[in-house]
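Inspection log for the structure reproduced underneath, given as structure tokens.
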Amino acid sequence: MIELDALRGIAVLLVVFYHYCYRYAELYNTEVSVGVARYGHLGVELFFLISGFVIFYSLLHAKSLQQFWVGRIARIMPAYWLSVVLIYAVISMVGLEGRTVGLGDFIANLSLLQEYLGFKHVDGVYWSLTIEITFYFWVSLFMIRYRQYAQYLFLVYPVILLAVQMCDLDMSRKIEKLFLVEYGSLFVAGICYSNLHQKNMSKSSLFVLLICVLVNTFQYVGIELMTVLFFHFLMLIVSLGKGSFLSLKPLTYIGGLSYSIYLIHQNMGYILLDNLSVIGFPHWLLTTVVFSVVVLVAHFMVKYVEKPSRKLIIQKFGKQYAS
């Protein structure tokens with residue numbers, strides 16, 4: 001769906017805006033912070049909503065657990081591996097304060113399980129990929145292997161999340177990540193929007209969606225809450241087939257590159273901002289130049305890594321697990 005690419009474009013632009021115009025200043029004590037940019041990190045929440053929508057649709061058409069995972073690996077791992085190698089190599093050569101990691105961290109990052117294994121991320125943005133693969137694990141397990149229990153979990157899980165928020169229960173970060181306590185409501189809401197788009201919105205799905213939105217009202221306040229609710233509104237519009245107004249070519253183009261942009265924009269962007277700041281350009285111009293470089297690199301990543309490797313992996317392994 002081209003509208004989903006537009007939403008991905010919005011999400012990644014928000015995250016880039018956050019890192020370049022707020023987080024960079026916060027980390028390196030520069031005076032270029034843009035106050036409103038602090039809310040750009042919420043672009044990740046929009047990514048999670050989209051992921052729930054897309055992954056559920058993929059699972060409905062997957063013929064086996066193996067086929068689903070081959071598709072996911074083909075989609076996320078080649079570009080991810082390239083970004084890990086590229087960023088680790090660049091930081092090792094030129095340095096970046098507070099962002100250097102050891103060889104053990106680098107090797108662990110290749111598994112995409114580094115956070116569960118107790119290693120540092122080569123790039124901080126990889127934290128959300130930990131959340132993503134955890135969601136893939138649980139939803140694929142119940143949708144394919146234990147489908148007879150999926151409907152019950154679908155109803156009960158958001159209620160448990162709501163109870164956790166209302167009771168303000170304290171738990172370890174690993175437990176929170178493993179059971180998606182903080183972001184599970186967004187993925188489940190995405191599944192509900194997928195049902196709506198496929199004209200399969202039952203009363204139970206509507207109930208679950210309302211519970212997920214209610215969970216979000218406990219998690220966010222003020223502008224953050226308004227932003228997340230606006231994301232729900234956008235997902236609703238797209239799910240109803242009314243989102244064609246979003247399909248602007250620049251936005252859908254960025255959306256098509258969003259995964260690669262997301263993978264490389266932070267640390268690579270910080271290095272470029274740091275080294276180019278001596279030129280004396282205004283920060284808005286410097287940010288535009290850096291983002292343009294990141295988009296160019298992402299374009300070539302998609303063209304020469306993401307798409308060819310995905311096609312190759314699916315051709316080689318996808319049919320093998322199709323039955």
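Scope of the values below: all heavy atoms of this structure, side chains included, with no hydrogens, waters or symmetry mates.
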For [X], which fellow cluster members are found when Ile, Leu, Val, Met, Phe, Trp and Tyr are connected by side-chain heavy-atom distances below 4.5 angstrom, either directly or through intermediates?
{"X": "Tyr57", "answer": "none"}
{"X": "Tyr22", "answer": "Tyr18"}
{"X": "Phe300", "answer": "Leu296, Tyr304"}

Output every pair passing side chain to side chain donor-acceptor pair (under 3.5 Å) with a member in residues 150-163, not counting sequence neighbours, ordered by first then second residue.
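Every candidate side chain to side chain donor-acceptor pair (under 3.5 Å) pair involving residues 150-163 fails, so no pair, neighbours aside, qualifies.
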N/O donor to acceptor pairs below 3.5 angstrom from side-chain atoms of residues 254-261, sequence neighbours left out:
{"unit_1": "Ser258", "atom_1": "OG", "unit_2": "Gly255", "atom_2": "O", "d": "2.7"}
{"unit_1": "Tyr259", "atom_1": "OH", "unit_2": "Ile76", "atom_2": "O", "d": "2.6"}
{"unit_1": "Ser260", "atom_1": "OG", "unit_2": "Glu306", "atom_2": "OE2", "d": "2.5"}

Under 3.5 Å, which donor-acceptor pairs link side chains of residues 228-241 to any protein atom two or more places apart or in another chain?
{"unit_1": "His232", "atom_1": "ND1", "unit_2": "Tyr193", "atom_2": "OH", "d": "2.9"}
{"unit_1": "His232", "atom_1": "NE2", "unit_2": "Asn216", "atom_2": "OD1", "d": "2.7"}
{"unit_1": "Ser239", "atom_1": "OG", "unit_2": "Tyr193", "atom_2": "O", "d": "3.2"}
{"unit_1": "Ser239", "atom_1": "OG", "unit_2": "Met235", "atom_2": "O", "d": "2.6"}

Kindly determine whether Thr227 and Tyr220 satisfy side chain to side chain donor-acceptor pair (under 3.5 Å), including the steps that lead there.
CA-CA 9 Å; Thr227 304; Tyr220 305 96; over 6 Å; no
Salt bridge (Lys or Arg N to Asp or Glu O under 4.0 Å) involving [X] - partner list, sequence neighbours excluded:
{"X": "Asp105", "value": "none"}
{"X": "Glu26", "value": "Arg23"}
{"X": "Lys120", "value": "none"}
{"X": "Glu182", "value": "Arg173"}

Test: ring-ring contact (aromatic ring centres under 6.0 Å, His included). Region: residues 197-218. Which pairs qualify, not counting sequence neighbours?
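Listed once each, the pairs are Phe53-His197.
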With a 6.0 Å cut-off on ring centres, are Phe187 and Trp138 close enough?
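They do not qualify: ring centres at least 6.0 Å apart.
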Examine the side chains of Tyr126 and Glu115 and answer whether a donor and an acceptor come within less than 3.5 Å of each other.
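No, Glu115 and Tyr126 have no side-chain donor paired with an acceptor closer than 3.5 Å.
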Could I get the full list of side chain to side chain contact (heavy atoms under 4.5 Å, CB included) partners for Val94, not counting sequence neighbours?
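Checked Val94 against side chain to side chain contact (heavy atoms under 4.5 Å, CB included); matches are Val90, Ile271.
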Treating Ile, Leu, Val, Met, Phe, Trp and Tyr as nodes and any side-chain heavy-atom pair under 4.5 angstrom as an edge, say whether Val302 and Ile2 lie in one connected cluster.
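No, Val302 and Ile2 fall in different hydrophobic clusters.
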Given the rule that I, L, V, M, F, W and Y join up when any side-chain heavy atoms are under 4.5 Å apart, are Leu312 and Val305 in one cluster?
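In one cluster with Leu312: Val305, no.
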Using ring pair (Phe, Tyr, Trp, His ring centres under 6.0 Å) as the criterion, point out the one residue from Phe47, Phe48, Phe135 that pairs with Tyr183.
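It is Phe48, the one option of Phe47, Phe48, Phe135 that forms the ring pair (Phe, Tyr, Trp, His ring centres under 6.0 Å) with Tyr183.
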